[in-house]
Amino acid sequence: STSPVPDGVADEDILMLADILPTGYEVGVLNGQVRPGDVVAVVGAGPIGLSAIMGARLYSPAHVVAIDLADSRLEAAKQFGADIVVNNSREDPLAIVRDLTGGLGADVAIEAVGVPDTFELATQLARPGGHIANIGVHGEPATLHLEELWIRNVTITTGLVDTYSTPTLLRLTQGGQVDAGRFITHHFTLDQFEEAYDVFGRAADTGALAVVDVFKQLEALAGRPMPDYFSVVIRQAGLKDIELVKDPDHPMSGLIVLPRQGTDVILQAGDGMLNATLSVNEEGLMILGGQEEGVPEVLRQLAGEATPTPT
């Protein structure tokens with residue numbers, strides 16, 4: 001099917017409406033019948049799971065619980081609307097969801113991975129009378145525990161997206177209720193295929209927003225190399241501080257996942273000599289705000305400092 005693109009909607013936003021967002025919205029949120037006040041558990045915080053989280057938020061649920069094995073994906077899930085995140089490699093999602101719901105379970109459990117373990121977890125998470133919406137594409141058999149489920153009156157749905165929701169999502173994107181461009185994680189030119197696949201293949205490590213080499217960007221501004229073991233602190237609202245140290249033995253030590261343009265990130269270095277705002281421009285590169293004119297000179301001063309000894 002085809003849909004006209006509304007005025008004022010970016011091409012990047014439209015790209016996400018071709019498959020990712022409708023899949024999470026239709027097969028997860030709509031099939032799961034998310035309603036206001038529901039507790040929604042999403043198993044898997046990859047792109048499809050994040051789509052389900054974003055779509056569920058449109059219906060004002062009481063809580064959206066994101067469950068995944070990768071902390072980087074769970075951090076992304078927070079930015080997409082999950083208010084509770086669970087790393088099921090070290091936490092028990094079933095206990096957490098039941099504690100949250102007085103022992104009942106989630107009103108809607110959405111499976112967004114496509115492996116037997118995550119499907120079975122989704123069926124366990126749903127409360128009596130709840131909905132289990134399977135989005136994941138399964139390549140091997142999964143066990144349906146009817147000996148446990150028959151008495152719980154649950155509804156299980158599966159499906160393949162047919163994008164009937166695209167016109168709705170287009171209107172929501174145009175109106176600002178859906179930030180489809182948030183899914184864009186990196187920008188690459190056609191001669192950067194290998195680098196793009198490397199970043200994509202390490203999604204659990206690189207996160208899913210924008211990958212920036214902080215030290216390369218600072219060195220470009222300073223016009224000279226920063227010394228080995230030079231450190232900076234990245235501060236984002238609501239997240240833990242991240243310290244990056246330029247390690248000569250690890251050329252990727254300056255890589256960090258940053259949010260897209262519009263979210264302030266503070267970079268501090270040199271005992272407060274540098275205190276600037278970072279964001280990501282349309283090419284996915286780091287830019288500095290707040291001290292634009294003074295930043296290069298401060299960086300040159302910091303680059304000239306004695307190289308500290310690593311501890």
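Quick caveat, the model's predicted, so the values are computed rather than measured.
Proximity of Phe215 to Val232: side-chain heavy atoms (C-beta onward) are separated by under 4.5 Å at one or more points. Annotation: side chain of Phe119 is in contact with side chain of Leu144 (closest heavy-atom distance under 4.5 Å). In this structure, Leu21 and Phe183 have side chains that are in contact, with non-hydrogen atoms separated by less than 4.5 Å. Using a 4.5 Å cut-off on side-chain heavy atoms (C-beta onward), Leu169 and Pro22 make contact. Side-chain atoms of Thr166 and Tyr25, non-hydrogen and from C-beta on, never get closer than 4.5 Å to each other.
To the nearest 0.5 Å, the span separating CG on Asp68 from OG on Ser89 amounts to 9.5 Å.
The backbone N or O of Ala142 lies less than 3.5 Å from no partner atom in the side chain of Glu120, so there is not a single donor-acceptor pair. Judged by distance alone, the side chain of Gln177 and the main-chain N or O of Leu58 form no donor-acceptor pair under 3.5 Å. Judged by distance alone, with hydrogens and angles left aside, the side-chain atoms of Glu12 form no donor-acceptor pair with the main-chain N or O of Gly181 at under 3.5 Å. Here the side chain of Arg73 pairs no donor or acceptor atom with the backbone of Ala66 at under 3.5 angstrom.
The list of side chain to side chain donor-acceptor pair (under 3.5 Å) pairs with a residue in residues 29-46, not counting sequence neighbours, is empty. Legend: salt bridge (charged side-chain N to carboxylate O under 4.0 Å, His left out) pairs involving residues 53-67, not counting sequence neighbours, sorted by first then second residue: Arg57-Asp83.
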